[in-house]
A.B. asks: 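If you scroll down you'll find the structure; I have some questions about it.
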Number of protein chains: 2
Amino acid sequence: MRDAKTPDPARRNERSREAILNAAVELVGEVGYARLTVEAIAARAGVGKQTIYRWWSSKGAVVLDAFIAWSGAGGDTSLPDTGDIEKDLRAVLRATVAELREPRFDLPSRALTAESQMDPELAKQFVDAVLRPHLEATKERLRGAQKAGQVAKGIDLDVAVELLFGPLYHRWLLRTAPLTEAYADTVVDYALRALGPSEPAGARTPNAPGKRAPKGARKGGAA
Amino acid sequence: MRDAKTPDPARRNERSREAILNAAVELVGEVGYARLTVEAIAARAGVGKQTIYRWWSSKGAVVLDAFIAWSGAGGDTSLPDTGDIEKDLRAVLRATVAELREPRFDLPSRALTAESQMDPELAKQFVDAVLRPHLEATKERLRGAQKAGQVAKGIDLDVAVELLFGPLYHRWLLRTAPLTEAYADTVVDYALRALGPSEPAGARTPNAPGKRAPKGARKGGAA
DNA sequence: AGCTGACGGAACGGAACGTCTCGTCGACCC
DNA sequence: GGGTCGACGAGACGTTCCGTTCCGTCAGCT
């Protein structure tokens, strides 16, 4: 006669758990998050509604878990380190853009970002599980660049990371202009100008001609 | 015997319109957007539900109009121009931070941003009515700075604007760290390093000592 | 004076919500 | 191997809110 209300994880049905998560990703892709219902997930998964409510607190929580499982979070988020910070950052930002453009990634991410605005609990989990690892990995790479002298010493690396990802998310969320890889390149370009060492006259990275302003990168903008 | 379904704006009851908008802002503040219902707005406004559905297509549309009316959009969004781009940008970003920290602004903005992720129609209106004017004004100010030689010639001003606001929105929406005025200052600082002329050795703005790294601005970050 | 159409109010069917109650079934304990 | 426990699938339940439809009233126009 305890509190009578805490389910026992040891007795949880793994089969049902997976079926629910699978149904959730499928349905988000098919009808979108807004029209997604717990009842539909239960039906698709061949599961009682209560089994969902027993283990998750809300539709958002299910979708978050489903998204984490599907996107294989927990994998290696660390950046490549070629020694060339510009090259590495460009790779990451381009990859981010590519992800954000893919519907299977775009739709749940948008939904979770939106839902996070109204559910602080979900927000924390979403940021910590999905976003933070990427930001942290980028910060780590920047720290390396800082030690190598490619990034100025005084720079606040948290701000530096947001200087890179902020513009991307801004454009993605608000759709003020198309989100392209060229845009990512331009952002990297500008951000590195901000972060680079305070330039003792012309000493900004070996200064190979054409390196600073890559071919088509400039036209990332135009609202 | 026309299509039978287009209401006549000339016969619209202005009193009801205002009552609805007022009720909407009040209720968003009291119960939040998620728990806000059209029925509650109608009741509070002393209005039939149909009167709301006649003039607005969704809860989001009502809240958007209410927010626009309440925030006095359409006012002058143009930036001050003191001739000092850093000073002017710092004023704008600080003001933006202040707004985003005020609940009366924060709550509806979050709700509309979230809702925009699921309603492209609403998204467009929101961005165009609320956001775009500010971005455009900032871009205009940057154009002036560009002509004055405080911003490099080749810079894409659309990207420049997002380099400023992107980090702010990123931190505001995702709550990765506290959104402070010091953070705004740091962002302005870094952004201007990126945008400034390509510095013919030490020529980065007159270089008054302590100007580049304002007192407490550095500690805007730390996740 | 007679129309017209927006109004406040209320009732409606329908969709999901989240809770609750069944009977079943598998895992563990004596 | 019989008994206990609790998660399970199924689905009924009351509730809330949706968006629509009807009604009688009322103000402005012709």
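Proteins get letters first, then strands, A, B, ... in listed order; numbering begins at 1 in each.
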A.B. asks: Pairing donors with acceptors under 3.5 angstrom, does anything connect the side chains of B:Asp76 and B:Ser78?
C.D. replies: yes
A.B. asks: Across nucleotides 9-19 of chain C, 5' to 3', mark each nucleotide with B, S or - according to how protein heavy atoms within less than 4.0 Å reach it.
C.D. replies: B------BBBB
A.B. asks: Would A:Thr180 and A:Arg101 count as a side chain to side chain contact (heavy atoms under 4.5 Å, CB included) if you check the C-alpha gap in whole Å, the side-chain angles of each, and the deciding distance to 0.1 Å?
C.D. replies: CA-CA 9 Å; A:Thr180 64; A:Arg101 288 169 67 101; 4.3 Å; yes
A.B. asks: Can you check the B:Glu14 CD to D:dA27 C1' distance for me, whole Å?
C.D. replies: 16 Å
A.B. asks: With a cut-off of less than 4.0 Å, is there a side-chain N or O of A:Thr51 near OP1 or OP2 of D:dA7?
C.D. replies: no
A.B. asks: Round to a whole Å and report the spacing from CZ of A:Arg54 to P of D:dA10.
C.D. replies: 13 Å
A.B. asks: Listed by chain and number, what are the salt bridge (charged side-chain N to carboxylate O under 4.0 Å, His left out) partners of A:Lys49, not counting sequence neighbours?
C.D. replies: A:Glu39
A.B. asks: For the pair made of CH2 in B:Trp56 and C1' in D:dC18, what is the distance, rounded to whole Å?
C.D. replies: 18 Å
A.B. asks: Using whole Å, what does the distance between atom P of nucleotide D:dG6 and atom CH2 of A:Trp55 come to?
C.D. replies: 12 Å
A.B. asks: Tell me: CG of A:Asn13 to C1' of D:dA10, nearest whole Å?
C.D. replies: 15 Å
A.B. asks: To the nearest 0.5 Å, what is the distance between CD (A:Glu26) and CH2 (A:Trp70)?
C.D. replies: 12.5 Å
A.B. asks: What is the distance, rounded to the nearest whole Å, between atom CG of B:Asp8 and atom C1' of C:dA6?
C.D. replies: 9 Å
A.B. asks: Starting at CZ of B:Arg44 and ending at P of C:dG8, how long is that distance when rounded to a whole Å?
C.D. replies: 16 Å
A.B. asks: Please state whether the phosphate of C:dA6, meaning OP1 or OP2, lies under 4.0 angstrom from any side-chain nitrogen or oxygen of B:Ser16.
C.D. replies: no
A.B. asks: Which protein N or O atoms sit under 3.5 Å from an N or O of nucleotides 22-30 of chain C?
C.D. replies:
residue, atom, partner, partner atom, Å
C:dG26, N2, A:Arg11, NH2, 2.5

A.B. asks: Check the distance between D:dG9's P and A:Ile41's CD1 and give it to me in whole angstrom.
C.D. replies: 14 Å
